[in-house]
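The structure appears right after this line, and notes come after that.
Count residues from 1 along the sequence.
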Amino acid sequence: MKAEYRSISPSPGSSFKTSVFEGKEFIASWHFHPQYELTYILGSSGIRYVGDNMGSFEYGDLVLVGSNLPHCWKTIGEQKEDVRCIIIQWDEDLLLPWLEKEEFQHIRQLIRLAVRGIHFEKEDAIQMESKLLQLVDLPPFERLLSFLQIIQDLAANASYKCLAGQGFTSNLTVMESERINLIYNFVKENHSQQISLEEVSKKVVMSKESFCRFFKKTFRKSFFEFINEYKISMASKMLIATDLSISEIGYKVGYNNLSFFNRQFQKFMNMSPSKYRKMYRDI
């Protein structure tokens, strides 16, 4: 799927866009746009990519993406519910006249960090849900005031972390973005099998050596680290959502060796699969 530069128009009568997306899966591929974007997940689960970061998303996931930072959300596995999320998008000049004001010191810091993408703690995100839902139907003036209050609350009171690495460059060419889309889709369709460098490099029409250099430069990790991270993200979701045994889950995400699956899970999640499952069931 071809990566796109996306230009976003404000909602009618408003200086920014607020919308609710609903569908079987996210339709946007790896893409970027000059607008800032705040996305809150109301339903479905999967994996999100922000810059060189890959992480799981589910209900309560709230992420702020900075201007021109490449990103996409992908559902994985069988879904019990459709995708539903609130998306708020605005141009930089919406806040620019105010950012140097003393009252905007917290928002100013948040906007500066958004260049790497920001993930908010789930507990803080859920507390904002009612305000985010109300925002969609407010008249334009009240919507702007409510939006500023939401951004202020997140900036001043919420816990958050940056997603993309400091060394990530968002200056990707269209061809490079197309390659990334092909890689994402190839991994999604073939993760349960053994994927060779020859297969994936051929898919993006590159030599194995050129592909490895391109991937390492873009994501600051090897392709096989990326695959294992993807598999573990899928496994963590299945540990919570299903009653399958740990060995069955390991096999379904592409690990034929249980001890290797356990080692990889420990590496990426800092705990064993059994401890991870117990932790969520206790909650």
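Taking 4.5 Å as the limit, every side-chain heavy atom of Asp243 sits out of range of all side-chain heavy atoms of Arg277. In this structure, the side chains of Glu92 and Tyr36 come closer than 4.5 Å at one or more pairs of heavy atoms. Between Met234 and Ile249, the closest side-chain pair of non-hydrogen atoms is not below 4.5 Å. Contact of the Phe211 side chain with the Val204 side chain is registered, since non-hydrogen atoms from C-beta on lie closer than 4.5 Å. The shortest distance between side-chain heavy atoms of Phe265 and Lys275 does not fall below 4.5 Å. Side-chain contact between Leu95 and Leu148: present, with at least one pair of heavy atoms (C-beta onward) separated by less than 4.5 Å. Side-chain contact between Phe224 and Leu197: present, with at least one pair of heavy atoms (C-beta onward) separated by less than 4.5 Å. Phe16 is listed as a side-chain neighbour of Arg143, based on a closest heavy-atom distance under 4.5 Å.
A donor-acceptor pair is defined here as one N or O able to donate and one able to accept, closer than 3.5 Å; no such pair exists between the side chain of Asp61 and the backbone of Ile41. Distance alone, capped at 3.5 Å, is enough to place a donor-acceptor pair between the His31 side chain and the His71 backbone. Between the side chain of Gln89 and the main chain of Glu37, no donor-acceptor pair closer than 3.5 Å is present. When atom types are taken as modelled, the side chain of Ser146 and the backbone of Glu142 share no donor-acceptor pair closer than 3.5 angstrom.
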(message) Walk me through whether Ile246 and Asn262 qualify under side-chain contact (heavy atoms from CB on, under 4.5 Å).
(response) CA-CA 9 Å; Ile246 290 171; Asn262 285 328; 4.1 Å; yes
(request) Could you walk me through whether Asn157 and His106 pass the side-chain hydrogen bond (donor to acceptor under 3.5 Å, both in side chains) test, one step at a time? (result) CA-CA 9 Å; Asn157 304 316; His106 296 298; over 6 Å; no
(request) List the steps, then state whether side-chain contact (heavy atoms from CB on, under 4.5 Å) holds for Glu248 with Lys252. (result) CA-CA 6 Å; Glu248 286 176 306; Lys252 278 185 173 292; 5.6 Å; no
(message) Quick one, Ile86 with Met128, criterion side-chain contact (heavy atoms from CB on, under 4.5 Å). Give me CA distance, side-chain angles, the key distance, then yes/no.
(response) CA-CA 12 Å; Ile86 300 168; Met128 301 300 298; over 6 Å; no
(request) With side-chain contact (heavy atoms from CB on, under 4.5 Å) as the test, would you mind laying out the steps for Phe214 and Phe223 before giving the verdict? (result) CA-CA 10 Å; Phe214 164 73; Phe223 176 65; over 6 Å; no
(request) For side-chain hydrogen bond (donor to acceptor under 3.5 Å, both in side chains), just list the numbers for Ser56 and Glu58, CA-CA rounded to whole Å, side-chain angles, deciding distance to a tenth of an Å, and then say yes or no. (result) CA-CA 7 Å; Ser56 299; Glu58 59 182 6; over 6 Å; no
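Transitive grouping of hydrophobic side chains (ILVMFWY, heavy atoms separated by less than 4.5 Å) brings Ile150 and Leu133 into a common cluster. Cluster membership check: Val205 does not share its hydrophobic cluster with Val187, using side-chain heavy-atom separations under 4.5 Å among Ile, Leu, Val, Met, Phe, Trp and Tyr. Both Phe226 and Phe260 are part of a single hydrophobic cluster, where members link through side-chain heavy atoms under 4.5 Å apart. In the hydrophobic clustering of this structure, Leu99 does not group with Leu145; members are Ile, Leu, Val, Met, Phe, Trp, Tyr whose side-chain heavy atoms approach within less than 4.5 Å, directly or through other members. No path of Ile, Leu, Val, Met, Phe, Trp and Tyr side chains, each step under 4.5 Å between heavy atoms, connects Val136 with Phe141, placing them in separate hydrophobic clusters.
The OG atom of Ser44 lies 12.5 Å from the CZ atom of Arg84; values are rounded to the nearest 0.5 Å. To the nearest 0.5 Å, atoms CG (Leu110) and CG (Leu154) are separated by 7.0 Å. In this structure, CD in Gln109 is found 10.0 Å from CD in Gln105, a value given to the nearest 0.5 Å. Interatomic distance, CD of Glu229 versus CG of Asn53, reported as 7.5 Å (0.5 Å rounding). Atom-to-atom distance recorded for Leu38:CG and Leu62:CG is 4.5 Å, nearest 0.5 angstrom. Atom NZ of Lys74 sits about 7.5 Å away from atom OH of Tyr49, to the nearest 0.5 Å.
If you run side chain to side chain contact (heavy atoms under 4.5 Å, CB included) between Gln35 and each of Val65, Asp91, Leu94, only Asp91 comes through.
Smallest separation of non-hydrogen atoms from Ser247 and Leu258: CA-CD1, 3.8 Å. Contact record, Lys188 with Thr75: NZ-O, 3.0 Å, taken as the closest heavy-atom pair. Looking at every heavy atom in both residues, Leu69 comes nearest to Ala114 through CD2-O, 4.0 Å. Closest approach of Ser236 and Met269 over heavy atoms only: CB-CE, 4.3 Å. Nearest heavy-atom pair, Glu199 versus Phe186, reported as atom, atom and distance to 0.1 Å: CB-CZ, 4.1 Å. Minimum heavy-atom separation, Phe261 to Pro273: CE2-CG, 4.0 Å.
Heavy-atom neighbours of Tyr251 OH from other residues, nucleotides or ligands within 6.0 Å: at or below the threshold of 12. Other residues, nucleotides and ligands contribute only 12 or fewer heavy atoms inside 6.0 Å of the CD atom of Glu123. Lys202 NZ: 12 or fewer foreign heavy atoms inside a 6.0 Å radius. Counted within 6.0 Å of CD on Glu198, heavy atoms from surrounding residues, nucleotides or ligands total 12 or fewer; the atom is thus considered open. Sparse packing is recorded around NZ of Lys203, with 12 or fewer heavy atoms of other residues, nucleotides or ligands lying under 6.0 Å away.
Geometrically, Lys231 engages Tyr255 in a cation-pi contact defined by less than 6.0 Å to the ring centre and at most 45° from the axis.
Ring geometry for Trp73 against Phe26 counts as tilted: the plane angle lies between 30° and 60°, on a 0 to 90° scale.
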